[in-house]
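Note sheet for the following structure.
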Amino acid sequence: MNIVTVQQAQKTYNPDKIPVHALQGVDLTIEQGEFTALVGPSGSGKTTLLNAIGGLDLLTAGKIIINNQDIATFSDSELIEFRKQNIGFVFQAYNLIPVFTAKENVEFVMLLQGKSEQERDTRVRELLTAVGLADQIDRRPSELSGGQQQRVAVARALASKPQFILADEPTANLDSKSTADLLDIMLELNQKENITFLFSTHDQRVIDRARRVVTLEDGKIISDERVS
Amino acid sequence: MILKLAWRNIWRSKLRTFTVMGAIIVGVVALVFYMGFMKGFVRTYVSNAIQNELSHLQIHNPAYPEDQEVQYYLSDVASLTQKIKQQPNVVAYTERTLVEAIALSARGSRGLQLRGIVPEQEAVVTKLNEKITQGVYFSESKYKNPVLISERLAEILKLKVKSKLVVQFQTVEGDIKLQTYKIAGLYKTSNKQFDEQNIFVPQSKIALSQTGEPIVHEIAILLKDADKLVETQTVLQNTVSDSSRYLVETYLEVSPDVALYETQMTASSSIVIFIVMIALIFGIINTMLMAVLERTKEFGMLLAVGMKRKQVFLMIITEAIMMALVATPVAMLVGAALLGYLGSVGIQMAALEQVGISEPIYPTIDWLSFLIIGVSVAFTTFFAALYPARKATKLQPVEALNSL
């Protein structure tokens with residue numbers, strides 16, 4: 001089942017001055033349960049495509065259809081609501097709320113969704129256990145390592161039970177062991193719970209473990225390989 | 001959730017939070033002190049004016065206030081004073097003869113007002129006898145023609161107790177008269193200007209008329225309850241009935257500068273409050289804006305994961321309100337303590353002698369003004385946070401996330 005369909009996506013920055021064509025007619029479909037890596041050199045359009053799929057940035061032309069809905073038709077507040085209910089984000093710089101503990105960070109989106117305390121508590125413990133941080137529940141980000149913070153970020157992205165997770169260079173700031181641990185967790189969640197992951201990366205260790213690798217160059221898809 | 005997040009956010013940068021709270025505390029304390037001082041100042045000024053010179057009510061010939069000529073004296077004083085005595089709110093009164101005069105001494109001359117008084121009455125109404133610093137009051141003087149001049153005037157005219165002083169003035173008939181007095185004592189009030197311009201003699205020692213009958217230009221009346229000022233004025237004016245012969249005025253009418261002073265002080269207080277609030281607004285906007293700009297990336301993340309723009313707005317406003325809620329009570333306590341202390345020990349300011357106040361100012365403030373200051377500052381903080389909060393809601397997630 002297609003979750004995301006990208007049709008002829010075009011994105012041009014500075015159209016009136018010195019135009020930069022970040023995406024030039026990208027077509028892509030993501031199916032439920034995929035573990036897909038968007039790869040390519042810097043400036044190839046990976047992050048732009050990821051942001052557009054996540055509704056964080058608008059396309060200049062083309063469509064992004066998620067659950068049969070063209071997200072360009074959403075108002076700003078509808079888009080925020082849509083992201084809250086359907087998309088989980090993992091950022092390169094973790095971007096946790098520094099004044100919240102690991103538990104509070106993970107339950108934050110559930111609070112925004114209006115979930116009950118009991119539901120939140122069960123889900124948070126389940127997720128932090130899944131990412132191996134059950135014993136770090138009350139620690140703030142500043143008390144956690146980079147790898148641990150990114151695992152909290154993954155747990156946060158999953159907390160709202162989204163349709164899919166978008167991860168922008170999730171391992172860029174991590175050492176080898178943390179990268180391996182994070183990938184193990186993400187793959188396990190992908191395989192066991194059929195959670196869809198779409199991430200941009202430069203990291204060969206990530207590319208090696210992806211089950212689909214989409215390569216971008218100059219804003220165009222130049223290859224799309226599925227690994228059996 | 002917003003409350004928890006806002007509360008923790010304000011303690012992220014303690015320095016910044018304490019800067020905002022410090023600004024609120026300084027603002028409130030400064031305003032409380034300023035308003036308290038001004039109120040104390042006006043109260044002292046008015047009270048001095050009443051005690052030393054004006055009293056609560058004055059009765060004149062209706063022509064006298066316009067043109068203070070010697071011939072505009074009060075008629076049938078005995079009957080008038082009888083009616084004054086019958087008023088229950090009257091504590092005391094004193095009759096005065098007021099003449100523009102020139103004091104001549106061996107060292108110089110000076111234009112001033114010669115005040116002919118009934119010593120016993122004046123002692124009750126203005127306590128002139130208690131303001132004698134050298135020599136004696138009339139009741140103890142053995143001189144035939146005693147005069148009381150101020151220390152300040154004695155210094156200017158190089159005179160001392162027992163010196164002779166010649167005073168030139170015009171009689172009711174228009175004749176110029178020279179009268180020699182001997183200085184029985186020197187007085188000092190808290191009003192330097194008053195001291196330089198007034199000398200006192202017993203009323204009986206001013207021969208203003210060839211007939212020799214006492215001439216009274218003014219009756220000053222002291223009241224028990226000053227709050228019934230206008231009420232007593234009206235009753236008296238109705239009692240004396242003949243408004244063509246007598247004009248009863250309150251001290252505010254006799255001396256409009258006193259009323260003007262109160263009005264000016266209120267106006268200047270409002271201006272100062274406005275300026276302090278504006279300074280506070282800019283201080284808070286600046287600090288809150290810094291707080292918002294420093295957290296741009298975080299706001300980008302919050303918007304990305306589903307926090308609504310109005311929730312971001314509310315969070316920043318809540319942060320400002322929380323700071324105000326912590327700082328304002330502290331500020332009001334400090335302000336109340338400061339005013340309580342200064343209100344008991346007083347503030348001595350030599351510079352105020354120029355405006356007739358030589359005693360300490362005791363700052364005071366009413367509860368309503370005190371509360372208004374606190375509430376105004378809290379509201380100011382709220383308004384100051386609106387712009388930074390609005391700025392945060394205008395952020396685009398993708399740009400905010402990519403900010404440095």
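Naming convention: chains lettered A, B, ... in sequence-line order (proteins, then strands); numbering from 1 in each chain.
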Turns out that what part of A:D168 lies under 4.5 Å from chain B's heavy atoms comes down to neither

* Under 3.5 Å, is there a donor-acceptor pair between the side chain of B:T318 and the main chain of B:L3? -> no

A:D70 side chain to A:A72 backbone, donor-acceptor under 3.5 Å: yes

Bottom line for B:E399: the part with an atom under 4.5 Å from chain A's heavy atoms is neither

Closest non-hydrogen contact found for A:L127 with A:A155 is CD1-O, 3.4 Å

Check whether any side-chain N or O of A:Q136 sits under 3.5 Å from a backbone N or O of A:A102 as a donor-acceptor pair, and report yes or no. no

> After noting the C-alpha distance and the side-chain angles of A:Q10 and A:H21, does the key distance pass the side chain to side chain donor-acceptor pair (under 3.5 Å) rule?
Replying inline: CA-CA 8 Å; A:Q10 291 182 39; A:H21 303 287; over 6 Å; no

### Task
I would like to know whether B:V20 and B:I24 meet side-chain contact (heavy atoms from CB on, under 4.5 Å); could you show each step before the answer?
CA-CA 6 Å; B:V20 174; B:I24 294 170; 4.1 Å; yes

**Message:** Test side chain to side chain donor-acceptor pair (under 3.5 Å) on A:S116 and A:Q118; report intermediate values, then the result.
**Reply:** CA-CA 5 Å; A:S116 72; A:Q118 193 186 354; 5.5 Å; no

(message) Whether A:E107 and A:K103 form a salt bridge (side-chain N of Lys/Arg under 4.0 Å from carboxylate O of Asp/Glu) is what I want to check.
(response) yes

What one should report as the nearest heavy-atom pair of A:I185 and A:R151 is CD1-CD, 3.1 Å

request  = Determine yes or no for a side-chain-to-main-chain donor-acceptor pair under 3.5 angstrom, with A:Q24 supplying the side chain and A:K220 the backbone.
outcome  = no

Looking only at A:I80, A:L79, A:L111, the option with the highest number of non-hydrogen pairs under 4.5 Å against chain B is A:I80

Original post:
Got a donor-acceptor contact below 3.5 angstrom from the B:K297 side chain to the B:L401 backbone?
Top reply: yes

**Study point:** A:E104 and A:R140 ion-paired at < 4.0 Å
**Key:** no

Against chain B, residues from residues 43-58 of chain A with at least one heavy atom under 4.5 Å, in numeric order, are A:N51, A:L56, A:D57

Greatest number of non-hydrogen atom pairs under 4.5 angstrom with chain A, of B:K308, B:E298, B:R309, falls to B:R309

Within residues 82-96 of chain A, the residues sitting under 4.5 Å from chain B by heavy atom, in sequence order, are A:R83, A:K84, A:F89, A:F91, A:A93, A:N95, A:L96

Under 4.5 Å to a heavy atom of chain A? For B:L5 that would be both

